[in-house]
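The structure under discussion appears below in the form of structure tokens.
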Amino acid sequence: MIPGPVAALAVAGDVGAVVHEGRCEVLPVERLAAEVARLEARQQPRWVWWAAASDAAPVVRARVHLARAWDVAEAHRLLHGGWEAEPARCWAVAHGLPVDGIPTAPAGDLFDLVGPALPPDDVLVDDGGYLRADHHGWVRDPGHLEQWARAALGVAGLQYQAAVASSTRLAGTAASESAAALLCVELERDGLPLDRARTEELIAAAAGPRAATPADEEAARRTRDSLVLRHVQGRESTDLRNPVQVRELLAAAGVDVPSTRKWVLEPYRQVHPVVDALLTWRRDERIATTYGYRWLDANVGDDDRLRGRWSACDGAAGRMTAENGLHNLPASLRPGVAAHAGYRFVRADLGQVEPRVLAVVSGDVAFASATAADDLYAPVALRLGVERAVAKVAVLAAMYGQRSGAAGEALRGLESAYPVAMGLLDRAYAAGRRGEPLHTYGGRLVPTGRFLAERPPGTDPALDAARGRFARNAVIQGSAAELFKAWTATVRATTRDLGAEVVLCLHDELLLHVPADAADEAARRVDTALGDAARRWSGGAPVRFVADTSVIDRWSDAKD
DNA sequence: CGGTGAACGTA
DNA sequence: CGTACGTTCACCGA
């Protein structure tokens, strides 16, 4: 069983169930938060639920802070790879049942009559040992919620057993990933503080003033288009949103290109003014269409906070994802992200995190010694006898699988200077080519056969190479994501008493919204948390992680 | 109407 | 120069 005090929390509709020390209480969600808070204050149990997004959300919305969790869906993704983690799937896999035997939900039509029979109404598990096919509707009966919560507890216990049986780190990773999933619910609740007026100014600079009518919007659009079209006589009817027509437009201007992609057109900026105008148009059009007034109105609340859905891991290596621009806001809009009155941001980003993660994952003692430096490329360059820039390109090429460029000689130098680290990358690449699954350092299963499954390894060299590159990258990227989440969970726990909120997680960058007079202290704790989380995550490996941490008022401040 | 690819933003 | 993700647009085929 999961060590320490454990409690289960399950919510369906406006009713929730709490199971603790063998007893169960079923409560309306209005009273649920108070009961959960009472237990948390008394015992700080590890909260078990099917998924934070469904079961923890009402409690999080009531601003109850929970310290520890076991999220069945996240544990499933960690142990078995992929993203699908419905309760029926988690249950089946935890019980060793094949997933293709999971009964499908009744559709409410005549075909239900020929499907497998449902168990009696008070029974959750069917004859085959699976969750009953209609559990989604079944659980909305408050009389069934206790069984539902206890089932989560059962699956969590099986997952814990499987985790400790297969690796010493897995249970710790599951706890950290569960904390990340809970944080995602908090991120959705809190949002990212914005300066609305400043953001509107920045949008206006790209898209023009806010249109009062659809006709005005269309006119503004034509005005933007005309700045490009005026450069080529006789092509004024070109649809700039149609790549084929744009290519014809460029050809008429004497610019013959295979595609109209930005990096293809970049060298032609000086050749013909239409190219520069087109690239400027694309940049502005991105803001006008994706991050314009519609985006602002739809996703920024009356409290001037940008909200979107968060996910604790993607389906590949396990990085966090976010919607509504939280992860891909154009840099030009960043000055609009601003701490609210009386608050400041603490911004911290990990430095050179991927090579440092490689040092941990591979256990390469020589490479680990380079991480003692603030700039690890400096000692690597010294050892290889090359310029820093060459060493950096070589390390990145080794990790990411660059196929062209002049990194060849330095790459050979890496192979002899750091054979253990390079060997790990080579083995990951080879395993990926063979379509074999890999594990991140924290134990996440990364399947490599998930895409291109219909083309088995060995039938297409290009696809084999793509799988190899994916695998080599996933081990590093996924392990880095684990370290980041361990750090973030530690920050969440250690800065809470200061009134700090984590408001953005961006792969290697963390943004906290903190009462102004506590910001300096929060920044110190962010740095301390990195050392603690890295030590715990790496098992005490002699690898140093560094963060660039600063107290700022706008996200755009203190950027490199 | 749903799926696909181009394009581009972020790390 | 690799990997990953989310969003919008135009196009294609049903």
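Scope of the values below: all heavy atoms of this structure, side chains included, with no hydrogens, waters or symmetry mates.
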When all nucleic acid strands are considered with a 4.0 Å heavy-atom cut-off, which category describes [X]: base, sugar-phosphate, or nothing?
{"X": "Arg319(A)", "answer": "base"}
{"X": "Ala331(A)", "answer": "sugar-phosphate"}
{"X": "Leu329(A)", "answer": "sugar-phosphate"}
{"X": "Ala322(A)", "answer": "sugar-phosphate"}
{"X": "Glu323(A)", "answer": "sugar-phosphate"}

Check the distance between [N]'s [atom2] and [X]'s [atom1] and give it to me in whole angstrom.
{"X": "Asn324(A)", "N": "dT10(B)", "atom1": "CG", "atom2": "P", "answer": "17 Å"}
{"X": "Leu425(A)", "N": "dG2(C)", "atom1": "CG", "atom2": "P", "answer": "16 Å"}
{"X": "Leu396(A)", "N": "dT3(C)", "atom1": "CG", "atom2": "P", "answer": "14 Å"}

Ignoring backbone atoms, establish whether Arg469(A) has a side-chain N or O less than 4.0 Å from OP1 or OP2 of dG2(C).
->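 For dG2(C), neither OP1 nor OP2 has a side-chain N or O of Arg469(A) closer than 4.0 Å.
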
Within less than 4.0 Å of OP1 or OP2 of dG9(B), is there a side-chain N or O belonging to Lys262(A)?
->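 Yes.
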
Provide the closest heavy-atom pair for Glu236(A) versus Gly234(A) in the form atom of the first, atom of the second, distance.
->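 Taking every non-hydrogen atom into account, OE1-N, 3.1 Å.
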
Of the listed nucleotides [options], the one nearest the side chain of [X]:
{"X": "Arg294(A)", "options": "dT8(C), dT10(B), dA7(B)", "result": "dT8(C)"}
{"X": "Ala316(A)", "options": "dA10(C), dT7(C), dA4(C)", "result": "dA4(C)"}
{"X": "Arg221(A)", "options": "dA11(B), dA10(C), dG2(C)", "result": "dA10(C)"}
{"X": "Asn242(A)", "options": "dG6(C), dT8(C), dC11(C)", "result": "dC11(C)"}
{"X": "Asp239(A)", "options": "dA10(C), dA6(B), dC9(C)", "result": "dA10(C)"}
{"X": "Gln477(A)", "options": "dG6(C), dA7(B), dT3(C)", "result": "dT3(C)"}
{"X": "Thr260(A)", "options": "dT10(B), dA10(C), dA7(B)", "result": "dA7(B)"}

NZ or CZ of Arg77(A) within 45° of Trp83(A) ring axis and under 6.0 Å |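 Yes, Arg77(A) and Trp83(A) form such a contact.
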
Can you measure from CG (Asn324(A)) to CD (Glu188(A)) and round to the nearest 0.5 angstrom?
->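 So the CG of Asn324(A) and the CD of Glu188(A) are separated by 10.0 Å.
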
How would you list, by chain and number, every residue that makes a ring-ring contact (aromatic ring centres under 6.0 Å, His included) with Tyr343(A), sequence neighbours excluded?
->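 Scan of Tyr343(A) (ring-ring contact (aromatic ring centres under 6.0 Å, His included), adjacent residues dropped) gives His513(A).
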
Counting only N and O atoms by type, is there a donor-acceptor contact under 3.5 Å from the side chain of Asp364(A) to the main-chain atoms of Ala359(A)?
->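 A pair under 3.5 Å: no.
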
